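These numbers were taken from a predicted model, which means no experiment stands behind them.
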Amino acid sequence: MGSLHSPISMDGGGVYLLVFSGPPKRVIYVGTTNSFNRRINQHRVGILEGRRTIWRVDKGEDIYDLMSHRGKGNPYKYYLKLAKKRKLWATTTVDKEIVANDLVKKDNFEENWKDYVHGFYIHKIEILVLKTDFSQETNKRIESQIQTTLKDKHAIGSHIHSTGMCWLGKIEYTEDVYSTSYAFNYAPEISEEFKELFTNLGNKSYTNYRKPTKVTTRAERAANRQKEKEEYKFAQTPWLQEEDDVLRKCAALNVPKIDISKMLQRPLSEVNKRIQFFKKYNRI
């Protein structure tokens, strides 16, 4: 565990957490990198310059009281209201030329935020790392597990209208991510709430994970079907016997569904439905 204000040297790469040291400690960002030293320095400089999201937390306040929209009303309107009150400096584009609050263009970092960030905020952020020899895809899956769990458990959204966007970072895998085992060092230091959460995220009964209900229009469904056809060679075609044989063997061996999807060149949604069909009739 290091501090973002004065980070220690951390060789290697893997998955990392930025933790706001408040009452209680809360994870505010999850990321992956092949160089902890480089990426942590990017976060440090970005926050100090106003090129990353910043929350104005009062003494003794839980930062999740700001980050969570609590599922009430329109999340965008909620975060816009925070930004207008100067409780949220919202930005996602790190390398843009002009430093600005995406939600309130008239806000000024130098005048309204710099003293708070340099004198308080940056000092409250700790770094927790999971050094791995995993592939980038596996690291991304671990990252997504953490992000999805916290996002759903605490109703943490974003000001960006896009699938997978969240204040905790962009969620790369939005389905079937609970299949990778891992454990962070010093996880209990985050808070009592996360002791088991970060050492056993695959336990859905503990995280009370539920996929959000998404309402799509007819045009969106048509666009999604067209996109699937372009991405997967056999999307929306009848299943062949040899495909079913491969699917059932992989499912019996607990091969991640995302890997089955790539192997069979079929969308993840089709793989899920096919597996559910076979399980219903006890054929797996």
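Shown here is Lys262, whose NZ atom has more than 12 heavy atoms of other residues, nucleotides or ligands within 6.0 Å. Within a 6.0 Å radius of CZ in Arg70, other residues, nucleotides and ligands contribute more than 12 heavy atoms.
For the pair Glu243 and Arg274, the salt-bridge criterion is not met [side-chain N within less than 4.0 Å of a carboxylate O].
Closest of all the heavy-atom pairs between Val27 and Leu168 is O-CD2, 3.4 Å. Across all non-hydrogen atoms, the minimal contact from Cys250 to Ile260 is CB-CD1, 3.6 Å. Scanning both residues, Pro267 and Ser261, for their nearest heavy atoms gives C-OG, 3.7 Å. Looking at every heavy atom in both residues, Leu103 comes nearest to Tyr76 through CD2-CE1, 3.7 Å. Heavy atoms only, all atoms of each residue included: Ala90 and Asn101 are closest at N-OD1, 3.2 Å.
Between Gln236 and Glu270, the closest side-chain pair of non-hydrogen atoms falls below 4.5 Å. With contacts defined as side-chain heavy-atom distances shorter than 4.5 Å, the pair Leu247/Phe278 qualifies. Here the side chains of Arg141 and Ser144 are not in contact, with every heavy-atom distance at 4.5 Å or above. With a 4.5 Å cut-off on side-chain heavy atoms, Phe109 and Thr91 do not count as touching. No side-chain heavy atom of Tyr29 sits less than 4.5 Å from a side-chain heavy atom of Thr53. Under the 4.5 Å side-chain criterion, counting only non-hydrogen atoms from C-beta, Leu264 is not in contact with Lys233. By the 4.5 Å heavy-atom criterion applied to side chains, Ile47 and Ile125 are counted as neighbours. No side-chain heavy atom of Cys166 sits less than 4.5 Å from a side-chain heavy atom of Gln147.
For an aromatic pair to be called close, the ring centres must be under 6.0 Å apart, and Tyr64 with Phe20 fails this.
Between Tyr116 and Tyr121, the ring planes are tilted. Angles from 30° to 60° get that label.
Distance check: Ile63 CD1 to Arg26 CZ gives 10.0 Å after rounding to the nearest 0.5 Å. Atoms CG and OH, from Leu268 and Tyr232 in turn, are 7.0 Å apart once rounded to the nearest 0.5 Å. Atom CD1 of Ile142 and atom OG1 of Thr138 lie 7.0 Å apart (nearest 0.5 Å). Considering CZ of Arg38 and OG1 of Thr33, their distance stands at 4.5 Å, rounded to 0.5 Å. A distance of 13.5 Å separates NE2 of His5 from CD of Glu126, quoted to the nearest 0.5 Å. In this structure, NE2 in His43 is found 5.0 Å from CG in Leu18, a value given to the nearest 0.5 Å.
Although no hydrogens or angles enter the test, the distance criterion places a donor-acceptor pair under 3.5 Å between the side chain of Lys124 and the main chain of Ser21. Checked by atom type and distance alone, the side chain of Trp89 pairs as donor or acceptor with a backbone atom of Gly50 at under 3.5 Å.
Under the rule for a side chain to side chain contact (heavy atoms under 4.5 Å, CB included), the partners of Asn37 that lie at least two apart in sequence or sit in another chain are Ser9, Met10, Asp11, Ser35. The side chain to side chain contact (heavy atoms under 4.5 Å, CB included) search around Ala251 returns Ile275, Ile284, not counting sequence neighbours. Under the rule for a side chain to side chain contact (heavy atoms under 4.5 Å, CB included), the partners of Thr32 that lie at least two apart in sequence or sit in another chain are Val15, Gln136, Asn139, Lys140, Glu143.
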(request) Show the numbers, then the answer: is there a side-chain contact (heavy atoms from CB on, under 4.5 Å) between Glu137 and Tyr173? (result) CA-CA 10 Å; Glu137 180 178 348; Tyr173 293 96; 2.8 Å; yes
(request) Would you check, one step at a time, whether the test side-chain contact (heavy atoms from CB on, under 4.5 Å) holds for His159 with Leu80? (result) CA-CA 8 Å; His159 66 307; Leu80 175 60; over 6 Å; no
(message) Between Leu66 and Leu88, does the side-chain contact (heavy atoms from CB on, under 4.5 Å) criterion hold? Intermediate values first, please.
(response) CA-CA 8 Å; Leu66 300 179; Leu88 167 61; over 6 Å; no
(request) Please report the C-alpha distance between Leu150 and Trp167 in whole Å, then the side-chain angles of each, then the deciding distance to 0.1 Å, and finally whether the side-chain contact (heavy atoms from CB on, under 4.5 Å) criterion is met. (result) CA-CA 11 Å; Leu150 296 180; Trp167 296 117; over 6 Å; no
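Residues Phe36 and Ile122 share a hydrophobic cluster, clusters being chains of Ile/Leu/Val/Met/Phe/Trp/Tyr side chains in contact below 4.5 Å. One hydrophobic cluster, built from ILVMFWY side chains closer than 4.5 Å, cannot hold both Met165 and Ile54; they sit in different ones. Residues Ile171 and Val30 fall into different hydrophobic clusters, defined by Ile, Leu, Val, Met, Phe, Trp and Tyr side chains chained together at heavy-atom separations under 4.5 Å. Hydrophobic clustering, with ILVMFWY side chains joined whenever heavy atoms are under 4.5 angstrom apart, groups Val271 together with Met263.
Figure legend: cation-pi geometry between Arg266 and Trp239, with NZ or CZ positioned under 6.0 Å from the six-membered ring centre and within 45° of its axis. The cationic group of Arg56 lies under 6.0 Å from the six-membered ring centre of Trp113 and within 45° of the ring axis, placing it in a cation-pi geometry.
Side chains of Asp245 and Gln241: a donor-acceptor N/O pair is present below 3.5 angstrom, by distance only.
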